[in-house]
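These notes are about the structure you will find just below.
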Amino acid sequence: MAEVEHGMTLATDITALELLAPDGERVSVGALVADSPTVFVFLRHFGCLACQEHVALWKPRLAEFASAGAVVIFIGNGDTKQLREFVQKTGLVDQPAAAYTDPEKRFYDVLGMENSLASVLSPGAMFNAVRALGRGHLQTSVQGDPTQQGGVLIVDSAKRVQLLHREARLGDYLPVEQALAKVKELG
């Protein structure tokens, strides 16, 4: 599979990739793309303090994404039990968003998401970890690949990539406001 870039339409082999829902049901990426913008928020792993912080930054704005007609989907790479626990712990249960897992990280790989030890141990990553700790987020355990980084992918209803942000290191989030602005621009 070719790496995805801005402006590309997601190829059939990408939209056929399967993710797991909290109940273990397999769902293709293509089936998740809505008739309006779809925002995929990639997390590192389900025990990650930075991922808890990342969700906490998105939660207050999820209703705005829904009002703009966008579907927000959080994706991690642990198992389904860890996914269910993460959804409970972060309070995503009754939010206008969904959560899935990609335990084999195929979707991460095709998007070219960073995966390296340096991305976790760099000075910038350490600063971001301290920031997350200061905001009350705790590292509980490793529940997925600890060197995997996340990002944000926004596709339109035609499955064209409208925005792709690859995190370079732990805590290198795309500002939620930037994602919301893109969704509103597409609306």
Side-chain angles (χ1 to χ4, degrees), residues 4 6 10 14-15 17-103 107-108 111 113 132 135-137 140 143-144 148-167 171-187:
V4 173
H6 178 80
L10 297 181
I14 297 170
T15 59
L17 292 173
E18 291 184 329
L19 304 172
L20 296 176
D23 64 3
E25 178 185 354
R26 293 185 174 280
V27 180
S28 73
V29 168
L32 295 174
V33 176
D35 291 334
S36 57
T38 304
V39 181
F40 294 97
V41 181
F42 290 83
L43 306 170
R44 296 187 57 249
H45 66 82
F46 296 124
C48 173
L49 77 165
C51 296
Q52 295 167 42
E53 178 185 46
H54 201 180
V55 170
L57 293 170
W58 278 78
K59 268 181 47 182
R61 308 300 296 273
L62 290 173
E64 291 177 75
F65 281 91
S67 292
V71 175
V72 176
I73 299 169
F74 292 95
I75 299 176
N77 66 76
D79 64 37
T80 54
K81 179 179 184 282
Q82 294 163 339
L83 168 60
R84 287 190 301 274
E85 291 169 355
F86 183 81
V87 166
Q88 288 291 327
K89 176 175 49 179
T90 58
L92 284 174
V93 174
D94 294 322
Q95 295 294 318
Y100 292 85
T101 188
D102 180 13
F107 201 12
Y108 286 84
L111 294 175
M113 298 293 185
R135 292 179 177 169
H137 304 287
T140 56
Q143 297 179 9
Q148 181 63 59
Q149 299 307 311
V152 174
L153 169 69
I154 299 177
V155 296
D156 62 22
S157 59
K159 299 181 177 87
R160 269 187 314 271
V161 176
Q162 297 295 322
L163 186 146
L164 176 57
H165 171 75
R166 298 175 181 103
E167 295 174 7
D172 178 29
Y173 320 127
L174 176 78
V176 179
E177 296 77 23
Q178 190 174 340
L180 186 57
K182 176 53 80 173
V183 163
K184 288 179 177 180
E185 175 185 310
L186 297 172

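The shown structure was predicted, so the numbers you read here are calculated from the model rather than taken from an experiment.
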Which atom of Pro96 lies closest to which atom of Ala63, heavy atoms considered: CG-N, 4.0 Å
Give the intermediate values and the outcome of side-chain contact (heavy atoms from CB on, under 4.5 Å) for residues Leu10 and Val161. CA-CA 7 Å; Leu10 297 181; Val161 176; 3.9 Å; yes
State, with a plain yes or no, whether a side-chain heavy atom of Arg166 is found less than 4.5 Å away from one of Met113. yes
Could you report the tightest heavy-atom contact between Ala99 and Val87, atom names first, then the distance? CB-CG2, 3.7 Å
Identify the heavy atoms of Gly78 and Pro103 that sit nearest to each other, and give their distance. O-CB, 3.8 Å
Non-hydrogen atoms of Pro37 and Leu186 that approach each other most closely: CG-CB, 3.9 Å
Going through the checks in order, is the side-chain contact (heavy atoms from CB on, under 4.5 Å) test met by Gln149 and Phe42? CA-CA 8 Å; Gln149 299 307 311; Phe42 290 83; over 6 Å; no
Can you tell me how far the CZ atom of Arg44 sits from the NE2 atom of His54, to the nearest 0.5 Å? 12.0 Å
Are any of the side-chain heavy atoms of Val33 and Phe40 separated by less than 4.5 Å? yes
dist Trp58:CH2 -> Leu92:CG (nearest 0.5 Å) comes out at 12.0 Å
Does the His165 side chain pair with the main chain of Pro175, one donor and one acceptor, at a distance under 3.5 Å? no
Would you check if Thr15 and Lys159 make a side-chain contact, meaning some heavy-atom pair closer than 4.5 Å? yes
If you measure from CD1 on Ile73 to CG on Leu153, what distance do you get to the nearest 0.5 Å? 10.0 Å
Are Leu17 and Asp102 close enough that some pair of their side-chain heavy atoms sits under 4.5 Å apart? no
Expected output: side-chain Tyr100 to main-chain Leu83 donor-acceptor under 3.5 Å: no
Flag side-chain contact, heavy atom, 4.5 Å: Asp79 against Thr101: no
Can you tell me if CG on Asp35 sees more than 12 non-hydrogen neighbours from other groups inside 6.0 Å? no
Is there a side-chain contact between Glu53 and Tyr173 in this structure, where contact means two heavy atoms from C-beta onward sitting under 4.5 Å apart? yes
Check whether any side-chain heavy atom of Val71 lies under 4.5 Å from a side-chain heavy atom of Leu32, and answer yes or no. no
dist Leu19:CG -> Arg26:CZ (nearest 0.5 Å) comes out at 10.0 Å
Pairwise distance OG(Ser28) to CD1(Ile14) - rounded to 0.5 angstrom: 12.5 Å
Scanning both residues in full, the closest heavy-atom pair of Pro22 with Thr80 reads O-CB, 3.8 Å
Quick one: does Leu180's side chain get under 4.5 Å of Arg61's, heavy atoms only? yes
At what distance, to the nearest 0.5 angstrom, does CD of Glu85 lie from CD of Gln82? 7.0 Å
For Thr90, is there any backbone N or O sitting under 3.5 Å from a side-chain donor or acceptor partner on Lys59? yes
Where do Gly24 and Leu20 come nearest, in terms of heavy atoms and distance? O-CD2, 3.6 Å
